[in-house]
2 protein chains.
Amino acid sequence: MTTGGMNIGEVAKRSGVPAKTIRYYESIGLIRPAERSAAGYRIYGDRELQTLRFIQRARNLGFSVKQVGALLALWQDRARASGDVKAVARRHLDEIDRRMAELQSMRDTLEHLIGRCHGDHRPDCPILADLAGEPAQADGGSGRARVERSGADG
Amino acid sequence: MTTGGMNIGEVAKRSGVPAKTIRYYESIGLIRPAERSAAGYRIYGDRELQTLRFIQRARNLGFSVKQVGALLALWQDRARASGDVKAVARRHLDEIDRRMAELQSMRDTLEHLIGRCHGDHRPDCPILADLAGEPAQADGGSGRARVERSGADG
DNA sequence: AATGGTCCTTCCAGTCACTGGAAGGTCAAG
DNA sequence: CTTGACCTTCCAGTGACTGGAAGGACCATT
C-alpha cells in the first residue's frame, strides 16, 4: 500500500512538520510548489513526504533552513562528494560549540551570583550589585558578567 | 569631573550599547525617553549611563529584554526582596540549562555522524543517510537524529 | 437540500532583538 | 560657506515560524 495523494494535513502528521510550516517552506522556496487538486488543495506523495522528513530531521539537528536547503540539494545530487556534506556538518558543529561555550560562560557567572544571593525578603543582592557594576565582595572568584557576543557584528 | 550632557554617540561608546539600540530600547519602553536639547538631540547623564551599563551586562548574561526590564525595576526598587531577583535569575539559569542540553544532544548526534563520514569525493555519506531516515550501519551507538524541540508545540 | 464540522485556501500581523539604510537637520572646524 | 561627523525619524529586513481572520471545499447526516 502506497501513500499517494495526501492533503497537507496528512503529510504534516506523517512528517511531523506542521501544515503552516510546510506552506512557509514552499513560500521561501525550500521545497517545490506542491501539485494542486481541481479545488486548489495541495497534494503530496511519498517523495514529498520523504523530503519533509529529511527536513524535519535536519532542523532537529539545528541546521538552519538555508543549510537544510544545501543538504537537500546534496541529497538529491547523485554525484555529490561526501566531503561537501561533511563540510556543512562541521561548520554547524563549530557553531554549536560556539553557542555552547557562550551559554557555559553565562551559566558560570549566573550560578556564581545565584549562589551568593541569600534570596530572602531583604533587598541586599549580589546579582543586582554585579549588574550595577559594583566591585564584587572578596570571597574567591569574581565571576563578573563578561561574555563576548557572537561573531558577525556588522 | 562628572560626565553630564552626553549625546547618544558618547553614551553609546561609554556603555557599549549601540546608539541604534538605545533608541530601540527607548521605543519599546525599556528606558525612559531621554531629555532633548533645543535641536532635538537626546541628552544623557551619568544616571542613564549607569542604567545602560546595567542593561548591557544583563543582556550579556543572556537575560531577555523583558527580564532585563524586570531586573531594572527591582534594581530601582529600594524595597525589593532579593528573593525576587534570585527567582528571575534561576528561571534564566534553567532556560540556559535547557538550551545547553538541547545543543549537547545535537552535538552528540552530529559528531557521531561526522565521524562516520569519510568526507572525500565519493557520494556515499552516512550524514545524508541518517537524515534520509535510512537504518544506520551496525557499528555501535546509533546516534540517530532525535531531538525534542522546545516547549509549546501549538 | 440544508446543515455542521473539519478540512483547505490566502493574506496579514506578530514574535525577538535588533540592524541597515534613506532622507534630512545640526554642529564645530577650517 | 562648505565639509564632515553627528544627530533625527521612519521604513524595511532578519530567521523561522505562528496565530488568526475570512472564505471556499468536502463529507456525512438529517
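Proteins get letters first, then strands, A, B, ... in listed order; numbering begins at 1 in each. Atom set for the values below is all heavy atoms of this structure, side chains included, hydrogens, waters and symmetry mates excluded. This is a predicted model, so every value here is computed, not measured.
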Next on the checklist: At less than 4.0 Å, is any side-chain N or O atom of A:Tyr25 found next to OP1 or OP2 of D:dC17? Yes or no.
Outcome noted: yes
Next on the checklist: For a quick test of reading the model: is some side-chain N or O of B:Thr21 closer than 4.0 Å to OP1 or OP2 of C:dA17?
Outcome noted: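 Negative; the distance criterion is not met.
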Checklist entry - Which angle, rounded to 10°, do you find between the first-five-pair axis and the last-five-pair axis of the helix from C:dA1-D:dT30 to C:dG30-D:dC1? => result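 Comparing the first five pairs with the last five, the axes sit 30° apart.
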Next on the checklist: Tell me every residue that passes side chain to side chain contact (heavy atoms under 4.5 Å, CB included) with B:Glu48, counting only those two or more places apart in sequence or in another chain.
Outcome noted: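 Partners of B:Glu48 by the side chain to side chain contact (heavy atoms under 4.5 Å, CB included) criterion, ordered by chain and then number, come out as B:Tyr44.
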Item to check | Sequence neighbours excluded - ring pair (Phe, Tyr, Trp, His ring centres under 6.0 Å) pairs with any residue from residues 5-41 of chain B | outcome: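 Listed by first then second residue: nothing to list.
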Using a strict 4.0 Å threshold on nitrogen-to-oxygen distance, state whether [X] and [Y] make a salt bridge.
X: A:Arg99; Y: A:Glu95; value: yes
X: B:Arg57; Y: A:Asp130; value: no
X: B:Asp124; Y: B:Arg122; value: no

Next on the checklist: What's B:Ile8 touching, base or sugar-phosphate or nothing? Going by heavy atoms closer than 4.0 Å.
Outcome noted: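 Touches sugar-phosphate only.
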Next on the checklist: Using a 4.0 Å heavy-atom cut-off, does A:Ser64 contact any base of the nucleic acid, only the sugar-phosphate backbone, or nothing at all?
Outcome noted: sugar-phosphate
May I have the distance from [X] (atom [atom1]) to [N] (atom [atom2]), rounded to whole angstrom?
X: B:Ile55; N: C:dA17; atom1: CD1; atom2: C1'; answer: 13 Å
X: B:Glu10; N: D:dC6; atom1: CD; atom2: P; answer: 11 Å
X: A:Arg59; N: D:dT18; atom1: CZ; atom2: P; answer: 10 Å
X: B:Glu95; N: C:dC16; atom1: CD; atom2: C1'; answer: 13 Å
X: B:Ile22; N: C:dC18; atom1: CD1; atom2: C1'; answer: 13 Å
X: B:Lys66; N: C:dT15; atom1: NZ; atom2: P; answer: 11 Å
X: B:Ile43; N: C:dC27; atom1: CD1; atom2: P; answer: 11 Å
X: A:Tyr24; N: C:dC8; atom1: OH; atom2: C1'; answer: 21 Å

Item to check | A:Asn7 or B:Ala38, whichever maps to the more 5' nucleotide of DNA chain C | outcome: A:Asn7
Next on the checklist: My understanding is that only residues two or more places apart in sequence, or in another chain, count here; which of them pass side chain to side chain donor-acceptor pair (under 3.5 Å) with A:Glu26?
Outcome noted: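 For A:Glu26, the residues satisfying side chain to side chain donor-acceptor pair (under 3.5 Å) (neighbours in sequence not counted) are A:Arg42.
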Checklist outcome for this item: Closest non-hydrogen atoms of B:Val17 and B:Leu52, given as atom of the first, atom of the second and distance, are CG2-O, 3.7 Å
Side-chain donor-acceptor distances from residues 63-70 of chain A under 3.5 Å, at least two apart:
residue	atom	partner	partner atom	Å
A:Ser64	OG	A:Lys66	N	3.4
A:Ser64	OG	A:Gln67	N	3.0
A:Gln67	OE1	A:Ser64	N	3.0

Between N or O atoms, less than 3.5 Å apart, protein on one side and nucleotides 10-13 of chain C on the other: list the pairs.
residue	atom	partner	partner atom	Å
C:dT10	OP1	A:Arg36	NH1	3.4
C:dT10	OP1	A:Arg36	NH2	3.1
C:dT10	OP2	A:Arg42	NH1	3.0
C:dT10	OP2	A:Arg42	NH2	2.9

Item to check | Separation between CD of B:Gln76 and CZ of B:Arg78, rounded to the nearest 0.5 Å | outcome: 10.5 Å
Checklist entry - Taking N and O atoms by type only, does the side chain of B:Tyr41 place a donor or acceptor under 3.5 Å from a partner on the base of C:dG25? => result yes
Checklist entry - Between A:Gln50 and A:Asp46, is any side-chain donor less than 3.5 angstrom from a side-chain acceptor? => result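 The answer is no; no qualifying pair exists.
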Checklist entry - Quick one: on DNA chain D, does A:Ala39 or B:Ala19 contact a more 5' nucleotide (nearest heavy atom)? => result B:Ala19
